[in-house]
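Every number for a ligand or one of its atoms is a count from 1 in the order of the listing. Only this structure's heavy atoms are used, side chains among them; waters, hydrogens and symmetry mates stay out.
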Amino acid sequence: MSDCLFCKISRGEIPADVVYKDDDCIAFRDISPKAPVHLLVIPHKHIENLYDLRKEDADLMARILLTLPKIARQQGLGSGFRTVTNTGHDGGQEVFHLHFHLLGGGSLHSL
Ligand code: AMP
Ligand code: ZN
């Protein structure tokens with residue numbers, strides 16, 4: 001998807017504050033953070049959202065899920081973090097490239 005914002009970030013065509021990258025995914029700071037640490041973790045592959053997942057994406061998604069706690073620990077979030085994935089317009093999704101919000105840095109009980 002050449003005109004997708006997050007594909008452009010994944011390809012390095014648009015600058016982002018990247019904190020982690022591997023063959024499957026890239027993690028960068030949300031431009032409008034809702035918590036002291038607010039990252040977006042996205043697959044390099046353009047998948048719109050959870051509705052768009054296919055069986056062949058299962059291994060990729062499993063690897064990314066296993067990576068989330070590693071990224072969290074690297075960010076100093078050893079005592080907890082939150083992941084959120086908005087799906088579709090009614091789910092509050094604004095950017096239609098699958099992403100996990102990774103939030104933490106202080107208690108999120110009141111959020
Ligand atoms: P969502 O509403 O789940 O689609 O979340 C999209 C998120 O992307 C929002 O939290 C935005 O603040 C964030 N965002 C939009 N553009 C950028 C950007 N260029 N760099 C980093 N984060 C962005
Ligand atoms: Zn994309």
Do you know which two heavy atoms are closest between Leu68 and Leu102, and how far apart they sit? O-CD1, 3.7 Å

Atom nearest to the Zn ion (ligand 2) - His46, N, O or S atoms considered: ND1

Just by distance, do the side chain of Lys21 and the backbone of Val19 share a donor-acceptor pair under 3.5 Å? no

Asp22 (side chain) donor-acceptor with Cys25 (main chain) under 3.5 angstrom: yes

Does any N or O atom in Asn86 lie less than 3.5 angstrom from one in ligand 1, N or O only? yes

Which bit of His99 gets closer than 4.0 Å to ligand 1, counting heavy atoms only: side chain, backbone, both or neither? side chain

Ligand 1 to His38 polar contact by distance, N or O atoms, under 3.5 Å: no

What is the nearest protein non-hydrogen atom to atom 11 (C) of ligand 1, stated with its residue, atom name and distance? Asp30 OD1, 3.4 Å

Region of Leu5 that comes within reach of ligand 1 [heavy atoms, distance under 4.0 Å]: side chain

Any atom of ligand 1 sitting under 4.0 Å from a heavy atom of Phe28? yes

Out of Arg82, Arg29, His101, which residue meets the side chain to side chain donor-acceptor pair (under 3.5 Å) rule with His38? His101

Restricting to N, O or S atoms, which atom of His97 is closest to the Zn ion (ligand 2)? ND1

Can you name the atoms of ligand 1, numbered from 1 with element, that are less than 4.0 Å from a heavy atom of Gln93? 4 (O)

For the side chain to side chain contact (heavy atoms under 4.5 Å, CB included) test, which of Met61, Glu48, His46 pairs with Leu98? Met61

Give me the residue, atom name and distance of the protein heavy atom closest to atom 22 (N) of ligand 1. Ile31 N, 3.1 Å

Do any N or O atoms from the side chain of Asp52 and from the backbone of Asn49 form a donor-acceptor pair under 3.5 angstrom? no

Any heavy atom of Leu40 under 4.0 Å from ligand 1? The part involved is side chain

Hey, can you tell me if His89 and Phe96 have their rings parallel, tilted or perpendicular (30° and 60° cut-offs)? tilted

Rounded to 10°, how many degrees is the angle SG/Cys7-the Zn ion (ligand 2)-SG/Cys4? 120°

Counting from 1 in the order shown, the ligand 1 atoms closer than 4.0 Å to a non-hydrogen atom of Ser32 are 12 (O)

Counting N and O atoms only, with roles assigned by atom type, does the side chain of Gln75 sit under 3.5 Å from a partner on the main chain of Leu39, one being a donor and the other an acceptor? no

Side chain to side chain contact (heavy atoms under 4.5 Å, CB included) with Phe100: which of Val84, Ile64, Leu40? Ile64

Numbered atoms and elements of ligand 1 in range of Phe6, under 4.0 angstrom, heavy atoms: 8 (O)

Flag the pair His44 / Ile26 as yes when at least one side-chain heavy-atom distance between them is below 4.5 Å, and no otherwise. yes

Donor-acceptor pair, Ser10 side chain versus Phe6 backbone, under 3.5 Å? no

Does the N or O separation between Val95 and ligand 1 drop below 3.5 Å for any pair? yes

Closest protein heavy atom to atom 2 (O) of ligand 1, given as residue, atom name and distance to 0.1 Å: Gly92 O, 3.0 Å

Nearest to atom 4 (O) of ligand 1 by heavy atom, Glu94, Arg29, Lys34, His97: which? Glu94

